[in-house]
Amino acid sequence: MGLLNTVRSLFTSDERKSDTTKDLRALLVASMEIVGAYGAIVEKHCGNATLALKLPETLLPYSKETIAQAIANLQHAISNPSLHPMIGQVMEPEAAARVLSPDFRKFLNEGLAILSFFVPPSEADSDRKKWEELLPVLNKLGPDARARYEHLFKGPHTPEDKNSDR
């Protein structure tokens, strides 16, 4: 059951509300676990490094669809103030405050964008081979030219990045 249907069913009978509330809590907890596992993979394989290469989706702890749905679930819960108390109930107060912060919203948006860098292994291998062919040319460039070129391959750009190019 999707998060929206679960929220809608909160407004039904008291008996149904109890089951729905349990379902919603379980959905929030599962979504946090999925996003947390995905975040660890992103941190390990992307970190602050330039995303010049596509990565094999076999690195992901869950399917891209499952991760995207978990992110959507959390985005919906965060944007719905009536669900904020429930977020506080399923995690420690400090963790709930982090989840409800603008930084976490940004993290979810960036995580969704980075998800597109995870591709079938054959596509990732092809991308890696092209990069290896290009590397000798890059090594001949001066440091300034190389830095500008590598910036093109950087992961999802933010508005601040666009302003820094000027």
Side-chain angles (χ1 to χ4, degrees), residues 2-7 24-132 134-135 138 144 146-166:
L3 183 62
L4 188 57
N5 289 336
T6 304
V7 171
L24 184 54
R25 283 186 180 138
L27 183 64
L28 287 172
V29 169
S31 294
M32 282 301 300
E33 288 174 4
I34 291 166
V35 169
Y38 169 59
I41 295 299
V42 168
E43 187 174 320
K44 179 179 180 181
H45 294 281
C46 303
N48 293 326
T50 299
L51 282 173
L53 297 174
K54 295 176 182 167
L55 299 167
E57 60 192 7
T58 53
L59 294 173
L60 295 173
Y62 299 92
S63 72
K64 287 172 73 170
E65 295 78 17
T66 299
I67 294 168
Q69 184 61 55
I71 290 172
N73 290 344
L74 292 175
Q75 286 174 324
H76 181 75
I78 290 167
S79 66
N80 188 336
S82 67
L83 294 178
H84 292 183
M86 188 172 292
I87 292 171
Q89 292 171 2
V90 297
M91 59 185 65
E92 296 295 322
E94 290 176 13
R98 279 194 307 272
V99 166
L100 294 171
S101 74
D103 287 341
F104 192 76
R105 290 176 195 209
K106 182 179 176 186
F107 163 78
L108 290 175
N109 291 334
E110 289 173 355
L112 202 52
I114 291 170
L115 196 55
S116 67
F117 281 87
F118 289 90
V119 296
S122 60
E123 189 177 334
D125 287 342
S126 173
D127 196 51
R128 183 186 46 77
K129 288 176 186 171
K130 288 177 188 174
W131 179 253
E132 287 171 354
L134 184 62
L135 203 51
L138 282 178
D144 291 341
R146 183 178 174 141
R148 284 193 306 273
Y149 185 78
E150 287 178 343
H151 180 74
L152 294 174
F153 284 100
K154 200 176 194 180
H157 293 282
T158 63
E160 295 84 32
D161 291 337
K162 291 177 185 173
N163 292 335
S164 67
D165 288 342
R166 294 182 186 159

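What you are looking at is a predicted structure, and each value in this text was computed from that prediction instead of being measured. Throughout, residue positions are numbered sequentially from 1 according to the sequence presented.
Between the side chain of D127 and the main chain of K54, a donor-acceptor pair closer than 3.5 Å is present. Side chain of S31 to main chain of L28: no donor-acceptor pair is present (N/O by atom type, distance under 3.5 Å, no hydrogens or angles). With hydrogens and angles disregarded, no donor-acceptor distance shorter than 3.5 Å links the side chain of Y62 to the backbone of A37.
Between I78 and F104, the shortest heavy-atom distance links the atoms CD1-CD2, 3.5 Å. Minimum heavy-atom separation, P56 to A124: N-CB, 3.6 Å. Shown here for H84 and N80, the closest heavy-atom pair between the two residues is CD2-O, 3.4 Å.
Within the model, atoms CD1 of I114 and CZ of F107 stand 8.5 Å from one another, a figure rounded to the nearest 0.5 Å. Taking CG from L74 and CD from Q69, the interatomic distance works out to 10.0 Å, rounded to the nearest 0.5 Å. Rounded to the nearest 0.5 angstrom, E57 CD and I41 CD1 are separated by 13.5 Å. Atom CG in N73 sits 12.0 Å away from atom CE in M32 (nearest 0.5 Å). In this structure, CD1 in I87 is found 4.5 Å from CG in L100, a value given to the nearest 0.5 Å. One distance of note links CG of L112 with CD of Q75; it measures 6.0 Å at 0.5 Å rounding.
Put simply, the side chain of L24 reaches to within 4.5 Å of the side chain of L83, judged on heavy atoms.
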- Message: Working note: I71 + I67, criterion side-chain contact (heavy atoms from CB on, under 4.5 Å); need CA distance, chi angles, decisive distance, verdict.
- Response: CA-CA 6 Å; I71 290 172; I67 294 168; 4.0 Å; yes
- Message: Would L60 and L115 count as a side-chain contact (heavy atoms from CB on, under 4.5 Å) here? Give the steps.
- Response: CA-CA 9 Å; L60 295 173; L115 196 55; 4.1 Å; yes
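The number of heavy-atom neighbours closer than 6.0 Å to NZ of K64, taken from other residues, nucleotides and ligands shown, is above 12.
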